[in-house]
Amino acid sequence: MFDKSKLNPENLGIYNNILSFGISEVDAQVILDCIVAKRSCSWVNNDAVDEKTLKALDDYIVANKFNLSIKVDAVPTRGKYIWDVKSRK
């Protein structure tokens with residue numbers, strides 16, 4: 001289970017910034033883990049995400065040199081979103 005109180009101030013700031021773009025808590029937790037651990041991850045969920053939100057997130061990732069690429073594909077027939085976060089080590 002995710003416990004924000006265990007995050008150091010830097011990681012808490014990153015997490016809060018990710019949330020501020022409209023990313024769901026679950027997605028923000030996984031993205032933060034990818035940033036901190038410098039690893040790739042893929043997952044599927046129902047939390048809607050739009051292009052404006054993804055652009056803001058991508059701009060933040062580039063500006064902070066997190067070396068991640070994020071791709072989200074909608075599966076409209078299922079109401080799901082496939083997230084693919086790749087670490088560019």
>> For a side-chain contact (heavy atoms from CB on, under 4.5 Å) check, start with the C-alpha distance between Ile35 and Val85, then their side-chain angles and the critical distance, and finish with the verdict.
In response: CA-CA 10 Å; Ile35 290 169; Val85 178; over 6 Å; no
> Under the side-chain contact (heavy atoms from CB on, under 4.5 Å) criterion, do Thr77 and Val75 qualify, and how do the steps go?
Replying inline: CA-CA 6 Å; Thr77 58; Val75 183; 4.0 Å; yes
>> Could you walk me through whether Leu19 and Glu25 satisfy the side-chain contact (heavy atoms from CB on, under 4.5 Å) test, starting with their C-alpha distance in whole Å, then the side-chain angles of each, then the deciding distance to 0.1 Å, before giving a yes or no?
In response: CA-CA 7 Å; Leu19 288 176; Glu25 288 185 17; 3.9 Å; yes
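Of all the heavy atoms in Ala28 and Ile18, the pair that sits closest is CB-CG2, 3.6 Å. Taking both residues in full, the closest heavy atoms of Val30 and Cys41 are given as CG1-SG, 3.8 Å, listed atom of the first, atom of the second, then distance.
Contact annotation: the side chain of Val72 never approaches that of Asp84 to less than 4.5 Å [non-hydrogen atoms, C-beta and beyond]. For the pair Leu7 and Leu32, the minimum side-chain heavy-atom distance is below 4.5 Å. Side-chain contact check for Asp27 versus Trp43: some heavy-atom pair is nearer than 4.5 Å. Residues Ile31 and Leu57 have side chains in contact (heavy-atom distance under 4.5 Å, counting atoms from C-beta outward). Asp47 is not listed as a side-chain neighbour of Tyr81, based on a closest heavy-atom distance of 4.5 Å or more.
In this structure, Asp50 CG and Phe21 CZ are separated by 13.0 Å, a value rounded to the nearest 0.5 Å. Separating the NZ atom in Lys86 from the CG atom in Asn67 is a distance of 15.0 Å, to the nearest 0.5 Å. In this structure, CD1 on Ile23 lies 7.5 Å from CD1 on Ile70, to the nearest 0.5 angstrom. The NZ atom of Lys71 lies 12.0 Å from the CG atom of Leu54; values are rounded to the nearest 0.5 Å.
Listed for the Ser87 side chain is no donor-acceptor partner under 3.5 Å among the backbone atoms of Ser40.
Counting only residues at least two apart or in different chains, side chain to side chain donor-acceptor pair (under 3.5 Å) contacts with residues 8-18 comprise Asn17-Tyr60.
Linking Ile, Leu, Val, Met, Phe, Trp and Tyr residues whenever their side-chain heavy atoms come within less than 4.5 Å leaves Val36 and Val26 in two separate clusters. One hydrophobic cluster holds both Trp83 and Phe2 under the rule that ILVMFWY side chains link at heavy-atom gaps under 4.5 Å.
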